[in-house]
Number of protein chains: 2
Amino acid sequence: MKHIAESTVRRLSLYLRFLEEFETQGQATISSGELALSGGTTSAQVRKDLSFFGSFGKRGLGYGVRDLIGSIREILGLHRSWSVVIIGAGKIGAALAQYRGFTQRGFNVVGVYDKDPSRIGVTLDDITVRADAELERDIQRLKPQIAVLCVPGDAAQALVDRVTKAGVKAVLNFAPAQIHVPKGVTLRAVNMATELEILAFGLSHPEERAS
Amino acid sequence: MKHIAESTVRRLSLYLRFLEEFETQGQATISSGELALSGGTTSAQVRKDLSFFGSFGKRGLGYGVRDLIGSIREILGLHRSWSVVIIGAGKIGAALAQYRGFTQRGFNVVGVYDKDPSRIGVTLDDITVRADAELERDIQRLKPQIAVLCVPGDAAQALVDRVTKAGVKAVLNFAPAQIHVPKGVTLRAVNMATELEILAFGLSHPEERAS
DNA sequence: GAGGGCTTGTGAAATCATTCACAAACTATC
DNA sequence: GATAGTTTGTGAATGATTTCACAAGCCCTC
Ligand SMILES: NC(=O)c1ccc[n+]([C@@H]2O[C@H](COP(=O)([O-])OP(=O)(O)OC[C@H]3O[C@@H](n4cnc5c(N)ncnc54)[C@H](O)[C@@H]3O)[C@@H](O)[C@H]2O)c1
Ligand SMILES: NC(=O)c1ccc[n+]([C@@H]2O[C@H](COP(=O)([O-])OP(=O)(O)OC[C@H]3O[C@@H](n4cnc5c(N)ncnc54)[C@H](O)[C@@H]3O)[C@@H](O)[C@H]2O)c1
């Protein structure tokens, strides 16, 4: 398959959200134009994004909402569930561990880890924080595919090394640190400072704001 | 000024982080190549990014670390401080309100708001949660430029309407909802579900992973 | 089953972003 | 102050993504 741009995957995730909304509202079919309107893009973009993966619509009619939901879920890899470990049970780690939006979409938190004795044993909803020393053994046993990193920046790289060595294949990093992963591991970073700085840039350059 | 790509602004924020690190290590000058290496990009990219805003280096020598920090801070609009209100004092809102990384970079949280009486009056570090009914009056008084939205998706649009009407010019949205802002307001969204779904896509299509 | 009215799927064109490649400019040394 | 050794700043080339535009396909009505 041709290489797929990240922007395409991001939009597919967005389309899926709107389609689910249209489905609960009982809409049976939808055109690329309607979908584009919800997502702030163009109908050609919607069709092009989908065309990388096949042909899902009916000319003259549009897309079956339920079918397209199924197809996009398949494309994104959401027809199965994924196991997630959260590393760092501090403020952000605890918030994520208790976030219902994860489980709702098929991402099951199978472990939360911390090194601070005062955090170990704490119960977050229905999961108990465990010692980071258990990480390797638990990863072997539970085979999580995804690790979410919520530790201070200077602890991040060492923990990524440990979890990727133990078999984790994707990392979502919240620590404000540039980290490196072995080939074959997918990495994404959510950097709050950068998001705010992009806003500050927009505020400082009103003449050329994107929005 | 020509239109600046978001990717450029994002990289400038990244460069700034590395430069600050190099400065604390006492390095006086740095070449585009060195900076590129830290940030996982190319020297040409670094120079091109900077060239949109002016000429900051010395040929044959590189960039003065301290000077370039100052220049990038100026470009991003960080030579001044910005005031932020956080709306929604739930799990994620509370974590953000207590996050030191905000203040460290010149983003001052001047208010945290919730509608739930059991949250109002709670103290997060040194700030007390206030009733959302106070929003308009406080925005008039404190003139925050940025609002960070940490409320459930179905409450998001109404609150954005309220804060932008009251004068807020930038919004960072954590709710999983597509929101609209008036012209002249900058909007960014952090969508955890999408981040995880991009990871799931990478896990499902190993042959064409980006990393 | 022919025709009108839509909407898809997709090459081609246009736009946008990155990389290349090199002249110009600086430092250091002799 | 001439020369060697660097590194910047930037047009031009390449590569990637988005938009355009239209033939092909489907539904519905007559
Ligand atoms: N709080 C926020 O709103 C926020 C926002 C964006 C980014 N971040 C980043 O997320 C990370 C966590 O932030 P936080 O506010 O939750 O901090 P925190 O101090 O509340 O939590 C960090 C946790 O990580 C644990 N930890 C440290 N080293 C560890 C190790 N080697 N193994 C296991 N656990 C370890 C600590 O014991 C602590 O419980 C930081 O890098 C921070 O910069 C936080
Ligand atoms: N918790 C997470 O890790 C996480 C991660 C990503 C995104 N989010 C999103 O962030 C938002 C908040 O999540 P949370 O986990 O903090 O939920 P939460 O329920 O803990 O907090 C939401 C808060 O918003 C308040 N609120 C609701 N309506 C309001 C209104 N009209 N005005 C003022 N306050 C109002 C509620 O009283 C509550 O305190 C949600 O949209 C969620 O999907 C959360």
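Worth saying up front: this structure is predicted, and the values here are computed from it rather than measured. The chains referred to below are lettered A, B, ... by the order of the sequence lines, with proteins before strands, and numbering in each begins at 1.
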Undergrad: On DNA chain D, compare the nucleotides closest to G60(A) and D49(A); which residue's is nearer the 5' end?
TA: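 Checking each residue's closest nucleotide, the 5'-ward one belongs to D49(A).
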
Undergrad: Using the test ring-ring contact (aromatic ring centres under 6.0 Å, His included), find all partners of Y99(B) that sit at least two apart in sequence or belong to another chain.
TA: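 If we apply the ring-ring contact (aromatic ring centres under 6.0 Å, His included) test to Y99(B), skipping adjacent residues, the hits are F102(B).
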
Undergrad: Can you tell which of I30(A), D67(A), L14(A) makes a side chain to side chain contact (heavy atoms under 4.5 Å, CB included) with L19(A)?
TA: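 So the option named by the test is I30(A).
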
Undergrad: Hey, is the side chain of S32(A) poking within less than 4.0 Å of OP1 or OP2 on dT7(C), counting only N and O atoms?
TA: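 Result: no.
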
Undergrad: With rounding to the nearest 0.5 Å, note down the distance linking NZ in K48(B) to OG in S32(B).
TA: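 So the gap between those two atoms works out to 13.0 Å.
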
Undergrad: What is the distance from atom CD1 of I72(B) to atom CZ of F18(B), rounded to the nearest 0.5 Å?
TA: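 Taking CD1 in I72(B) and CZ in F18(B), the distance rounds to 11.5 Å.
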
Undergrad: What is the separation between atom CZ on R11(B) and atom P on dT19(C), rounded to the nearest whole Å?
TA: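 Taking atom P of dT19(C) as the reference, CZ of R11(B) is at 8 Å.
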
Undergrad: In whole Å, what is the span from the OH atom of Y63(B) to the P atom of dC26(C)?
TA: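 After rounding, the gap between these two atoms is 14 Å.
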
Undergrad: Could you give the start and end, 5' to 3', of the contact zone on DNA chain D for chain A, using atoms under 4.0 Å from its heavy atoms?
TA: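 Here the contact window of chain A covers dT17(D) to dC26(D).
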
Undergrad: Does S7(B) place a side-chain N or O at less than 4.0 Å from the phosphate oxygens OP1/OP2 of dT18(C)?
TA: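 Yes, because at least one side-chain N or O of S7(B) sits under 4.0 Å from OP1 or OP2 of dT18(C).
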
Undergrad: For the pair made of CD1 in I4(B) and C1' in dC16(C), what is the distance, rounded to whole Å?
TA: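 Interatomic distance, CD1 of I4(B) to C1' of dC16(C): 13 Å.
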
Undergrad: Supply the atom-to-atom distance F201(B) CZ to L76(A) CG, rounded to the nearest 0.5 angstrom.
TA: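 Rounded to the nearest 0.5 Å, the CZ-CG separation comes to 7.5 Å.
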
Undergrad: Return the nearest nucleotide to the side chain of K48(A); candidates are dT27(C), dA12(C), dC22(C).
TA: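 The answer is dA12(C), which lies nearest to the side chain.
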
Undergrad: State which residue, out of R73(A), R11(A), R17(A), fulfils the salt bridge (Lys or Arg N to Asp or Glu O under 4.0 Å) condition with E197(B).
TA: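 Option passing the salt bridge (Lys or Arg N to Asp or Glu O under 4.0 Å) with E197(B): R17(A).
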
Undergrad: Using a 4.0 Å heavy-atom cut-off across all strands, classify A5(B) as base, sugar-phosphate, or nothing.
TA: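 Answer is sugar-phosphate: A5(B) comes under 4.0 Å of backbone atoms only.
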
Undergrad: Rounded off to whole Å, could you give me the CZ-to-P distance for the F52(B) and dT18(C) pair?
TA: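 From F52(B) CZ to dT18(C) P: 8 Å.
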
Undergrad: Grab the CZ-C1' distance between F56(B) and dC26(C) for me, whole Å please.
TA: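 That distance rounds to 18 Å.
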
Undergrad: Let me confirm one number: the CZ-OG distance from F22(B) to S38(B), rounded to the nearest 0.5 Å.
TA: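 The CZ atom of F22(B) sits 3.5 Å away from the OG atom of S38(B).
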
Undergrad: Roughly how many Å is it from CD in E6(B) to P in dA17(C), rounded to a whole number?
TA: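 The distance from CD of E6(B) to P of dA17(C) comes to 10 Å, rounded to the nearest Å.
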
Undergrad: Without decimals, in angstroms, what is the distance between L35(A) CG and dT8(C) C1'?
TA: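 In whole Å, dT8(C) C1' lies 13 Å from L35(A) CG.
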
Undergrad: Between P on dC22(C) and CZ on R47(B), what's the gap in Å once rounded to a whole number?
TA: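 The answer, rounded to whole Å, is 14 Å.
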
Undergrad: Between the side-chain atoms of R59(A) and the base atoms of dT8(C), is any donor-acceptor pair under 3.5 Å?
TA: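 In this structure, the two groups form a donor-acceptor pair.
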
